[in-house]
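Quick note on labels: first sequence line is chain A, next is B, and so on, each numbered from 1.
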Number of protein chains: 2
Amino acid sequence: MKLKPARISAAQMPPRLAQSAFELFAERGFANVNLDQIAARAGVTKGSLYWHYRSKHELLLAACNLYYRQWHAAVHAALAPLPDPLERLRAALAFSVASCVLDRQNRMFTISLFMLMQEDALARAGWAQFYAAVREFYIGLVAAAQAAGRLPPGAARRRVDLMLEAMEGLKLRAGFEPQAAQPAEQQVIIDSLLGIFLPQAAQALPAGMGKTQTPRSKRTNQR
Amino acid sequence: MKLKPARISAAQMPPRLAQSAFELFAERGFANVNLDQIAARAGVTKGSLYWHYRSKHELLLAACNLYYRQWHAAVHAALAPLPDPLERLRAALAFSVASCVLDRQNRMFTISLFMLMQEDALARAGWAQFYAAVREFYIGLVAAAQAAGRLPPGAARRRVDLMLEAMEGLKLRAGFEPQAAQPAEQQVIIDSLLGIFLPQAAQALPAGMGKTQTPRSKRTNQR
DNA sequence: ACCCTTCCATACTCATGGGTATGGTGCGGG
DNA sequence: CCCGCACCATACCCATGAGTATGGAAGGGT
């Protein structure tokens, strides 16, 4: 790999370590990676690692922030050449599905992160910020497509929320139903998610809904 | 708690240990619970634990299976007194949201389990079976409500899939947005999930959604 | 040249926890 | 009565891995 142990500037050592950490975390999960392996992948040892980071926890957060920044950069790069609003939305969905749902390593990293978030407020805050940014990003895409008449108008925020929740659910499902995570399924998934923004049953449904009576039952709220 | 160390039949020791394991796992996550604590909660020590289970992994799976059985029993008990199909669906959603989305301990257990599934085929198979059963259960409820004219017909399977994925996504979101997991939100969430089965956009708006018109502001999406 | 700061490698400490070895206790049956 | 098995407690082993102590090499300033 590395032909010469050509001096690596110390200034770029922290991101290099964070990158190594991210790759190993994505491969095996937070709990199954130790600091020696991370340092080794970066071409150094634990002594160097502890000079740049104070703890494994700090490195964990650095790896997360690295992931957030790279994800944003990649999705913006994927959309940059596309002018049409609907195509931009479709491309964003395609990238999200390919990276977040179908990619095993990304899933491993994310689920490890969700586990960490259960007990770490900083990790929670970081993800919350990332998620909010992604949400606003999608709302903007949908609003643009609606304004251009490429999507039926209305309820952009709610539909984006539903879409993101469904995507997260799909991610989890892909973890235990490998057949749902085949690359061949990508287009189906994208169309399905896109269908959330087409509420008019334009999605290959038998159009037979005559009675749409609203339920008015009383609720019993046991448990 | 336990007034007397009154002999506990050895036959009920395995489920007792599995129950203790489940409670501790739900409290702190798989990785943060050791076998001594599990045994102590069951009123025994590790020697006894290893007589009934061969490894922590085996106990893990037993705790999962216990959870699956208890969940099925609880949801069926909640629906038993309800005759109306739509009320049954609503009650099932209420129970699912209360137990799977809003309950912190349940979330902790589930996310630990998803982490475990990434590397353990048996855990994956167990959850896949549970998930399939829940899916069929909901499809039955929806189909019954549709057949009774209480829901617009069509696409029961697809909508149930979308609903379950959204619920899983909500679970994850509740983990890092505590304000979305307040008990007060329960009814909003239930109505929102129920709205998936009412494709005509007749769904009540979730709170905090005053302006439903399409925003047309330009946004700069840096960082 | 010299020192001093930065950066990194080596070798250690030490807590943790899964798993095991072994010995004890209660109880049913011969 | 006592033997033996089922069941459980105690004490141990030991691999793992985070964190630390320490010393050495590189490079810049004076």
Side-chain angles (χ1 to χ4, degrees), chain A residues 1-2 4-64 112-113 115-116 119-120 122-123, chain B residues 2 4-25 27-64 112-113 115-116 119-120 122-123:
Chain A
M1 246 356 165
K2 52 182 85 69
K4 51 174 75 171
R7 295 267 147 256
I8 293 175
S9 154
Q12 53 186 335
M13 204 67 232
R16 186 183 168 89
L17 284 164
Q19 177 70 30
S20 299
F22 169 76
E23 291 168 10
L24 286 170
F25 290 153
E27 179 61 40
R28 306 202 282 269
F30 291 161
N32 299 323
V33 174
N34 62 41
L35 297 179
D36 295 278
Q37 294 164 338
I38 296 171
R41 172 174 278 244
V44 291
T45 61
K46 208 163 48 172
S48 177
L49 197 158
Y50 267 94
W51 198 90
H52 293 287
Y53 292 96
R54 282 212 294 255
S55 64
K56 183 178 188 180
H57 178 248
E58 195 172 301
L59 184 57
L60 228 52
L61 298 180
C64 291
S112 284
L113 181 51
M115 186 67 227
L116 177 67
E119 49 193 2
D120 184 71
L122 282 174
Chain B
K2 54 180 86 66
K4 51 173 74 173
R7 294 262 148 262
I8 294 174
S9 154
Q12 53 184 337
M13 204 67 232
R16 185 184 170 86
L17 284 165
Q19 177 69 33
S20 299
F22 170 76
E23 291 168 8
L24 286 170
F25 290 154
E27 179 61 39
R28 283 176 254 160
F30 290 162
N32 298 322
V33 174
N34 63 40
L35 298 177
D36 295 278
Q37 294 164 339
I38 296 172
R41 174 174 275 245
V44 292
T45 62
K46 208 161 52 174
S48 175
L49 196 160
Y50 267 92
W51 198 90
H52 293 288
Y53 291 97
R54 283 212 292 255
S55 64
K56 184 179 188 179
H57 179 248
E58 195 172 302
L59 185 56
L60 229 51
L61 298 179
C64 292
S112 284
L113 180 50
M115 185 69 227
L116 176 67
E119 48 193 3
D120 184 72
L122 281 175

Compare the minimum distances between each of C:dG19, D:dA9, D:dG19 and the side chain of B:Thr45, then state the nucleotide with the smallest one. D:dA9
Measure across A:Leu17 and A:Ile38 and return the closest heavy-atom pair with its distance rounded to 0.1 Å. O-CG2, 3.9 Å
What is the minimum heavy-atom distance between B:Pro15 and B:Tyr53, and which atoms define it? N-OH, 4.3 Å
In this structure, how many angstroms lie between the C1' atom of C:dA15 and the CG atom of B:Asp36, rounded? 14 Å
Rounded distance in Å - CG (A:Leu35) to P (C:dT10): 16 Å
Does a side-chain heavy-atom distance below 4.5 Å link A:Leu60 with A:Phe25? yes
What heavy-atom pair brings B:Ala63 and B:Ala18 nearest, and what distance separates the two atoms? CB-O, 3.9 Å
Atom-pair distance (CG on A:Asn32; C1' on D:dA18), nearest Å: 15 Å
If you define the side chain from C-beta out and look only at heavy atoms, does anything of A:Arg16 sit under 4.5 Å from A:Val44? no
Atom-to-atom span, CE of A:Met13 to C1' of C:dC8 - whole angstrom: 10 Å
What parts of residues 46-55 of chain A reach DNA chain D, counting only heavy atoms under 4.0 Å away? A:Lys46, A:Tyr50, A:Ser55
DNA chain D contacts among residues 17-30 of chain A, heavy-atom distance under 4.0 Å: none
Whole angstroms only, please: what is the CD1-P distance between A:Ile38 and D:dT16? 17 Å
From CZ of B:Arg16 across to C1' of D:dC7 the rounded distance in Å is 15 Å
Taking the side chain as C-beta and beyond, is there a heavy-atom pair between B:His52 and B:Ser48 under 4.5 Å? yes
Sequence neighbours left out, what passes salt bridge (charged side-chain N to carboxylate O under 4.0 Å, His left out) with A:Asp120? Give chain and number order. none
Distance col, row B:Lys46:NZ vs B:Gln37:CD, nearest 0.5 angstrom, shows 11.0 Å
Using side-chain heavy atoms (C-beta onward) and a distance below 4.5 Å, is A:Glu119 in contact with B:Asn32? yes
Please give, in whole Å, the distance from D:dG19 P to A:Asn34 CG? 12 Å
B:Leu59 has an atom CG; how far is it from atom P of C:dG17, in whole Å? 16 Å
